[in-house]
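Taking it in order: structure first as structure tokens, then the write-up.
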Amino acid sequence: MTTEYRILGPLEALVDGEPVELGGPRQRALLGVLLTRAGLTVSRDALVDALWGDNPPASAANVLQTYVSHLRKALPQDRLLTRPPGYALEVGEDELDLRRFERELADGRRLLSQGDAERALGHFDEALALWRGPPLGGVGEAPFAAVEAARLEELRLAALEDRFDAILALGRDRQAVPEIEAFVGRQPLRERARAQLMRALYRSGRQSDALAAFRDVRGLLVEELGIEPGQALRDLNAAILRQDPALDAQGETPTPRAVRTVLVVGFTEESIDALLALAGPIAQRPPHDVILVLLVSDVDELGAASKGANARRAALVEAGLGARAAAFTSGDPGTDIARLVADTEVSLLLVDAVGRLDQDGRFDPLLAGLLESVPCDVGLLVCSEGSTGADSPVLVPFGGAEHEWAAVELGAWIASAEERPLRLAGVEADLAAGRRDASRLLARAALLVQQVTGVSTEPVLLAPGPDQLAAETGHARVAVVGLPDGWRTRGVGQTRAELAARASAPLLFVRGGPKPGGLAPDESHTRFTWTIGTSSG
């Protein structure tokens, strides 16, 4: 019996080549969630959250169980497994079109880096041929689908750009121009494609058109996003102006993949400084650019805000970082921030969230909208107080949930960048309730962190609740706390809400996205293809 799952277009499952009846949109959405996390345990709370968002019916748990039962009957036996606290779908290596796409894409990139552009082009064509339309089609409006589809679409666009690189490396510049022009017409703010177009035009004897392409994208970036082009695009424009002979070299990859970015968004200069105190160090290792955005509510404040943003950008550049800065007013800041994420290679979004949680730990509409819409990791700075010493650890409470793994990754990133220990906090034993302590779970996470980053870890066992955890923040450089499963419906929960009110160190709440985190190697395509993520099931 052969099984095939397809999510790069309308969601489908085929057994022995025949389509399987998957039921209605929400049941199909359940399969989509499990396929995007193939092999991993997804909790029931997370599944309810993914399928119904902030308005689940009272019967959601029972309906979910019914959906699981129906899918088990439709799919091959012993594939959809019950694993506390939820479910996991076992998928063979060649059974999911996304995995085949990622493998072809990785092979193409490897061959292109080795100078074999002809074979690389074949792999890129094979990868792109797997696409049949907008990803995850037919799952309705399930909350998870928009973010996951955006992440998958980003993979497709990057693969098209890789294909352009292969064509240019083969010296087929005139052939490439109309294809890249059509792509840029659909995706006008993608700087890598603009660079490809500029180089192709220049090598086709059209220097003035290449320079015009730069002016066009610069105008759009300033008008639409409020930022200047990145350094790579500016350097290419300068090279075209001086007719640099290196631009005519054949057989080389012309446009390296964009450097990943940390996007920092604040609403006051004080909040920007608190965020940059974290973003600056972590952007240095591994290398990331920084885009800092200061959003102001009053146009009269815009001049001073722009001056302050540019001064902070200059300081980042002086420290050796690639940095861009903007200050602007916005009638819809959530949409503007989400667009910045979509149009730049953002692996981490840091947002000022001080005062943006209510007493029940629920997010205001701006934060809720961002958490719903952006595919990268999101760190919400809910407390910026505290002053700690050079050897203060990064504190991460950890219980093994999905977003807590993302918090461990971000905590390890900060600890590595600042050469600090990482302190993992778990719950102590409760013998009366028959509960073991969390030391084994903390040890497992520590071994994985050390394997990937080399960061030393310190376990600490605490009583449940916020009291000891809040006290522990007094010794921390920063506390990094993953959001709970079901954050859409229940917010951050009572313990985290009290921690936000009582923490004596900067406190980040983290929502992990489906895109690779900041420590993931460049060849990673999803959050779950690198060591920490794949070990979270």
Let me see the working for Glu402 and Arg37 under salt bridge (Lys or Arg N to Asp or Glu O under 4.0 Å), right down to the final yes or no.
-> CA-CA 11 Å; Glu402 177 179 344; Arg37 293 157 175 79; 3.4 Å; yes

Criterion salt bridge (Lys or Arg N to Asp or Glu O under 4.0 Å) on Arg496 and Glu404, from CA distance to verdict | CA-CA 13 Å; Arg496 290 173 176 82; Glu404 290 174 334; 3.4 Å; yes

Just do the side chain to side chain contact (heavy atoms under 4.5 Å, CB included) check on Arg72 and Thr82 with the steps written out, would you?
-> CA-CA 11 Å; Arg72 277 190 173 133; Thr82 299; 2.5 Å; yes

I would like to know whether Leu111 and His123 meet side chain to side chain contact (heavy atoms under 4.5 Å, CB included); could you show each step before the answer?
-> CA-CA 9 Å; Leu111 288 166; His123 283 281; 3.3 Å; yes

Test salt bridge (Lys or Arg N to Asp or Glu O under 4.0 Å) applied to Arg103 and Asp94, step by step | CA-CA 10 Å; Arg103 187 168 61 245; Asp94 292 322; 2.7 Å; yes

Please report the C-alpha distance between Leu47 and Leu30 in whole Å, then the side-chain angles of each, then the deciding distance to 0.1 Å, and finally whether the side chain to side chain contact (heavy atoms under 4.5 Å, CB included) criterion is met.
-> CA-CA 7 Å; Leu47 289 169; Leu30 170 61; 3.8 Å; yes

List the steps, then state whether side chain to side chain contact (heavy atoms under 4.5 Å, CB included) holds for Leu424 with Glu458.
-> CA-CA 6 Å; Leu424 300 177; Glu458 304 171 352; over 6 Å; no

Taking it one step at a time, do Glu148 and Arg151 satisfy salt bridge (Lys or Arg N to Asp or Glu O under 4.0 Å)?
-> CA-CA 5 Å; Glu148 186 63 40; Arg151 196 269 305 182; 2.4 Å; yes

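Counting all heavy atoms, side chain and backbone alike, Phe398 lies closest to Ala445 at CE2-CB, 3.7 Å. Residues Arg83 and Ala88 share a closest heavy-atom pair of NH1-CB, 3.5 Å. Counting all heavy atoms, side chain and backbone alike, Tyr5 lies closest to Arg79 at OH-NH1, 4.1 Å. Taking each heavy atom of Ala338 and Ser373 in turn, the nearest pair found is CB-OG, 3.8 Å. The minimum heavy-atom distance linking Pro84 with Thr41 is given by the pair O-CG2, 4.1 Å. Counting all heavy atoms, side chain and backbone alike, Ser392 lies closest to Arg420 at O-NH1, 2.9 Å.
Side chains of Thr457 and Gln450: a donor on one and an acceptor on the other come within 3.5 Å. Gln468 and Glu472 share no donor-acceptor pair across their side chains, judged by distance under 3.5 Å alone.
Checking side-chain atoms of Arg132 against main-chain N and O of Pro10 turns up a donor-acceptor pair under 3.5 Å. A distance-only check finds no donor-acceptor pair linking the side chain of Arg356 to the backbone of Asp364 [under 3.5 Å]. A donor-acceptor distance shorter than 3.5 angstrom exists from the side chain of Arg26 to the backbone of Leu51, with no hydrogens or angles considered. Without hydrogens or angle criteria, Arg99 side chain to Val91 main chain gives a donor-acceptor distance under 3.5 Å. At distances below 3.5 Å, at least one donor-acceptor pair connects side-chain atoms of His288 with backbone N or O atoms of Pro286. Side-chain atoms of Glu372 never come within 3.5 Å of backbone atoms of Gly369 as a donor-acceptor pair (strictly under, hydrogens ignored). Listed for the Lys515 side chain is a donor-acceptor partner under 3.5 Å among the backbone atoms of Val346. For the pair Ser43 (side chain) and Ala46 (backbone), a donor-acceptor distance under 3.5 Å is present. The backbone N or O of Gly486 sits less than 3.5 Å from a side-chain atom of Thr489, completing a donor-acceptor pair. Of the possible donor and acceptor atoms, one in the side chain of Arg435 sits under 3.5 Å from a partner among the backbone N and O of Glu428.
Taking CG from Leu395 and OG1 from Thr473, the interatomic distance works out to 7.5 Å, rounded to the nearest 0.5 Å. Between the CG atom of Leu366 and the CG atom of Leu371 there is a distance of 9.5 Å, given to the nearest 0.5 Å. In this structure, CG on Leu31 lies 9.0 Å from CD on Gln27, to the nearest 0.5 angstrom. To the nearest 0.5 Å, atoms CG (Leu381) and CG (Leu275) are separated by 5.0 Å. Separation of atoms CG (Leu130) and CZ (Arg6) is listed at 9.0 Å; rounding is to 0.5 Å. To the nearest 0.5 Å, atom CH2 of residue Trp405 and atom CG of residue Leu40 are 11.0 Å apart.
With respect to the salt-bridge test (charged N to carboxylate O, under 4.0 angstrom), the residues Asp343 and Arg339 qualify. For the pair Asp467 and Arg502, the salt-bridge criterion is met [side-chain N within less than 4.0 Å of a carboxylate O]. Checked for salt-bridge contact, Asp391 and Arg477 miss the test: no charged N lies under 4.0 Å from a carboxylate O. In summary, Arg312 and Asp273 engage in a salt bridge, as defined by a charged side-chain N under 4.0 Å from a carboxylate O. Taking a cutoff of 4.0 Å between a charged side-chain nitrogen and a carboxylate oxygen, Arg192 and Asp162 qualify as a salt bridge. Electrostatic pairing of Asp54 and Arg488 does not count as a salt bridge here, judged by no charged N lying under 4.0 Å from a carboxylate O. Look at Arg156 and Glu153 and you find a salt bridge, because one of the NZ, NE, NH1 or NH2 atoms lies within 4.0 Å of a carboxylate O, short of that distance. Ion pairing of Asp97 with Arg100 is absent here, as no side-chain N (NZ or NE/NH1/NH2) approaches a carboxylate O to less than 4.0 Å. A salt bridge is defined here as a Lys NZ or Arg NE, NH1 or NH2 lying under 4.0 Å from an Asp or Glu carboxylate O, and Arg436 with Asp430 fails to meet this definition.
Considering only heavy atoms from C-beta on, Asp289 stays 4.5 Å or farther from Val262 through its side chain. Contact check for Asp437 versus Leu442: no side-chain heavy atoms found under the 4.5 Å cut-off. By the 4.5 Å heavy-atom criterion applied to side chains, Leu128 and Leu160 are counted as neighbours. Using a 4.5 Å heavy-atom threshold, the side chains of Ser456 and Pro421 count as touching. Contact of the Thr3 side chain with the Leu75 side chain is not registered, since no non-hydrogen atoms from C-beta on lie closer than 4.5 Å. Within the 4.5 Å cutoff, no side-chain heavy atoms of Val378 are placed close to those of Val510. Looking at heavy atoms from C-beta onward, Pro464 lies in side-chain contact with Val427 at the 4.5 angstrom threshold. Leu350 is not listed as a side-chain neighbour of Leu263, based on a closest heavy-atom distance of 4.5 Å or more.
The aromatic rings of Tyr67 and Trp52 lie parallel to each other, with less than 30° between the two planes, well short of the 60° mark.
Within a 6.0 Å sphere centred on CD of Glu90, other residues, nucleotides and ligands contribute more than 12 heavy atoms. Other residues, nucleotides and ligands contribute at most 12 non-hydrogen atoms within 6.0 Å of the CD atom of Gln77.
For Trp487 and Phe509, the gap between ring centers reaches or exceeds 6.0 Å.
When each of Thr453, Leu348, Leu278 is checked for a side-chain contact (heavy atoms from CB on, under 4.5 Å) with Trp413, only Leu348 meets the rule.
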